[in-house]
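To start, the structure under review is shown below, and the notes come after it.
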Amino acid sequence: MKGIRRGAVLTAAVALGVILVGAGIAIAQERVGRCASVPFLADDLLGAPDFTNLAPGTPSGVLLPVGWSAAATGVQIGDFTVSGNGRSFQLLGIANHLRTPDVAVRPGVSYCAVARALADSVSSTRARLGFHWLDSSGDVLHTDWSGWQEVRRWNGPADTQPWSLIGGGFTAPAGAARLAVSFHPASDDRIYLDMIRIRPGRFPASGKMPPLSPERPAGVSVLPWPNGARAALSFSFDWETTMGGLIHSRSVDDPNFDQDPVLRGMRMREGVTTTVELFRPYGIRATYYATGYNFLTGNRERRRFMGDPTFTWANRANRWQTDAWQQQPWFSPDPYGTVATDPAWYFGDLIPLLQREGHDIQSHTFSHLYGGLASAEEWRSDLAEWRAVAVERGVPPARSLAFPWSSSAGMSYANWQALADAGITSVTRTNWSPRQPQYHLVSRDDPHCRPVPGHETILACPDFYLTERSAAQAPAVIERAIATGGMIDLWAHTEEVVSPAQIAAWGEVVRYAAMRRDAGDLWIAPLAEIADRQQAITQVHIERRESEIANPDLSQTTLLRLVVTNRSARDLEGLTLGLPFDIRQATVQRANGNVNPIIRGATLAFDLAAGETVEVTVWLA
């Protein structure tokens, strides 16, 4: 009997051991699945940063723990931590990032990274992680991106809630030897990062960034611009009445800040006529970025706009010429007259001229506010007021916005959301200051519209300030856009195209651009249309359909069939497909019959309406 009892006890002990081991494995797997530490299985590969051993991190030169780096100034060491002790990282600037030292990895193994994050700003924000897989030589093989994740706002000293947990997880690709992880913000809100870890494991909650464009058959590409044009160009103007930036002028970012705002308003008015006459012979449509009073023919009734705000941020500390705007309502200088009595203050009579000539009217904000200093509530009020007065003049709601004073630096996540909610799909005149690279969304040196991080429905587009003095550089700027397949916006204030010399300088550039357009190298259109097309092109879906003569090796294929669908809401005129070899013949079969596309070497172009699907048959030369 004793033996039987000992056997039963032993069996029970073994069973209990199996249960405990199974539970331990389950707990370990659950911890690995959320990127938590598991001794001997998922230990931290990174190690704590040594904040006592600092060195300039490339490429920014910011002093950081050895091995860590930043894209630009704005990444600093802070003393705001999860525990309340020690040090952490501060990340500031929508174009900035913090990057970890690289750690050893093995191909086919899943790795994850996590951090605690908190926004010390006016709004919560978002952040994402980049996983940069390196080969044994240190070259980047591939980069995976997590989705954007919420970073909550710190609510002051009484706030004891946990910091946000952000992270991501991916599998190391073939050839990967090392991994570095970068942290990227979706706004200019200040983010603190603490407890950064990299370990074997997963972090499924982060999701994954969708691709910028769908996968397409090998060798088949969709060219960005109509009819195979190599680049896109827009001409635009910041167009303001005296009530715009003129009466509210800052001492910086305005070359004419010290001049009479009423005289400047009259030049702004005159510049509409002179610029329209410049474009008419070439059939070029430009963009006029208008402020709110541009839509008024007067204000005898003393209408109040935006609740008659006072912008306390408009002060000497922020480089205004005076502190008066801290007490004085923004629109109080209104003479309450008409176009006849005060033509510098109201431009509503010029709207029909621009409409007849086919030019595009977009937003320079209603009030000419400073984007990075204004609150989200001020932005929403401004955007709504612009839309209301524009509709009164038969102008559609704005899709594009030019920042007054290039004031995108300091834009909070809530500010960007206000723009997105208002239907803005493109912005220009973004921060360009050489001293603030952490805020640079785009650059004329890399002339392409880029998605705004965290608000990818909005494209930021580069510009070149075209004046009498800079006009000689403009052809080279255009040629750079052509060479890179990008776009550039050439702009000025309308008041800067009124003197004979100014008109002549602009006229030479317009003539040069028209010549490049007529040669087939350049598409000239309003900026909003260029940005909308760039977004629409990413929604063109192409499938290769097998044919009776098809060969897996495209170089030997004599017949190629493609099904092309425009999944965007935009008609695509001159949609251009590129193939790796010259085309002998092609047809486009649509619902109402066949059409012959325009063939140029290895490209073919045809129109594709929003939502339309066609079958393209190509015979290669």
Side-chain angles (χ1 to χ4, degrees), residues 236-276 288-306 308-311 314 319-354 361-371 374 382 385-386 388-390 392-393 395 401-407 429 491-499 502:
S236 73
F237 300 96
D238 289 2
W239 181 40
E240 311 157 23
T241 76
T242 296
M243 185 58 88
L246 311 186
I247 195 70
H248 304 115
S249 184
R250 300 172 73 231
S251 59
V252 293
D253 302 324
D254 184 349
N256 301 312
F257 75 93
D258 56 348
Q259 298 182 20
D260 185 325
V262 174
L263 292 178
R264 292 184 64 190
M266 292 303 293
R267 291 202 303 267
M268 288 280 194
R269 167 178 282 276
E270 181 184 357
V272 168
T273 302
T274 56
T275 54
V276 164
Y288 289 79
Y289 286 102
T291 51
Y293 270 59
N294 293 47
F295 296 100
L296 305 184
T297 56
N299 194 20
R300 289 284 196 197
E301 61 274 35
R302 295 177 177 256
R303 292 169 64 181
R304 293 163 60 91
F305 301 103
M306 296 176 59
D308 201 21
T310 298
F311 294 146
R319 305 184 74 177
W320 260 263
Q321 301 173 65
T322 174
D323 288 326
W325 297 113
Q326 292 187 290
Q327 291 83 35
Q328 183 177 350
W330 198 249
F331 302 118
S332 59
D334 190 337
Y336 301 117
T338 66
V339 165
T341 61
D342 299 280
W345 293 83
Y346 316 103
F347 291 169
D349 58 311
L350 296 175
I351 298 294
L353 169 63
L354 295 177
I361 301 173
Q362 297 291 342
S363 177
H364 196 36
T365 73
F366 183 93
S367 60
H368 205 276
L369 52 68
Y370 194 95
D382 184 284
E385 200 72 83
W386 192 98
V389 294
E392 292 174 4
R393 306 299 299 169
V395 174
L401 180 139
F403 279 97
W405 296 302
S406 299
S407 60
R429 314 292 186 269
W491 78 282
H493 300 89
T494 56
E495 67 170 324
E496 295 170 309
V497 196
V498 293
S499 73
Q502 291 169 336

As an exercise, state the distance from CG of L369 to CE of M306, rounded to the nearest 0.5 Å.
6.0 Å

Taking S249 for the side chain and L246 for the main chain, is one N or O donor matched with an acceptor at less than 3.5 Å?
no

Look up atom CG in L263 and atom CD in E495, then write down how far apart they are to the nearest 0.5 Å.
10.5 Å

Please report the closest heavy-atom contact between T274 and V497, naming both atoms and the distance.
OG1-O, 2.6 Å

Any side-chain heavy atom of R300 sitting closer than 4.5 Å to one from T338?
yes

Would the distance check show the side chain of D382 and the main-chain N or O of T365 forming a donor-acceptor pair, the cut-off being under 3.5 Å?
no

Residue set satisfying ring-ring contact (aromatic ring centres under 6.0 Å, His included) with Y289, at least two apart, ordered chain then number -> none

For W239, enumerate each residue passing the ring-ring contact (aromatic ring centres under 6.0 Å, His included) test, keeping only those at least two apart in sequence or located in another chain.
F347

Would you compute the distance between atom CD of Q259 and atom CZ of R264 and round it to the nearest 0.5 angstrom?
6.5 Å

Could you tell me which residues satisfy side-chain contact (heavy atoms from CB on, under 4.5 Å) with R302, sequence neighbours excluded, listed by chain and number?
Y336

Reported CZ-to-CZ distance for the pair R319 and R250, which is rounded to 0.5 angstrom:
7.0 Å

By salt bridge (Lys or Arg N to Asp or Glu O under 4.0 Å), which residues pair with D260, not counting sequence neighbours?
none

Are the side chains of Y293 and D334 in contact, using a 4.5 Å heavy-atom criterion?
yes

Does anything in residues 339-353 pair up under salt bridge (charged side-chain N to carboxylate O under 4.0 Å, His left out), and if so which pairs, sequence neighbours excluded?
R269-D349

Test item: W405 side-chain N/O and G371 main-chain N/O as donor-acceptor pair under 3.5 Å
no

For S407, give me all partners under side-chain hydrogen bond (donor to acceptor under 3.5 Å, both in side chains), at least two apart in sequence or on another chain.
none

Going by the rule salt bridge (Lys or Arg N to Asp or Glu O under 4.0 Å), which residues pair with E392 if we only count those two or more places apart in sequence or in a different chain?
R303

ring-ring contact (aromatic ring centres under 6.0 Å, His included) with H364: which residues, sequence neighbours excluded?
H368

Please list, chain by chain and in numerical order, all residues satisfying salt bridge (Lys or Arg N to Asp or Glu O under 4.0 Å) with D238, sequence neighbours excluded.
R429

Sequence neighbours excluded, the answer for side-chain contact (heavy atoms from CB on, under 4.5 Å) partners of Q328 is A324, W325, S332, P333

For residues L350 and Y288, determine if any side-chain heavy atom of one lies less than 4.5 Å from a side-chain heavy atom of the other.
no

With sequence neighbours left out, write down each residue that passes side-chain contact (heavy atoms from CB on, under 4.5 Å) with T310, or none if nothing qualifies.
P329

Mind checking salt bridge (Lys or Arg N to Asp or Glu O under 4.0 Å) for R304 and listing every partner two or more places apart, or none if nothing turns up?
D308

Do P261 and W345 touch side chain to side chain, with heavy atoms closer than 4.5 Å?
no

For F366, which of W386, F295, F331 qualifies under ring-ring contact (aromatic ring centres under 6.0 Å, His included)?
F331

CG on N294 to CE on M243, rounded to 0.5 Å:
11.5 Å

With a 4.5 Å limit on heavy-atom distance, are the side chains of W320 and F311 in contact?
no

When rounded to the nearest 0.5 Å, the distance separating CE of M268 from CD of E496 is 7.0 Å

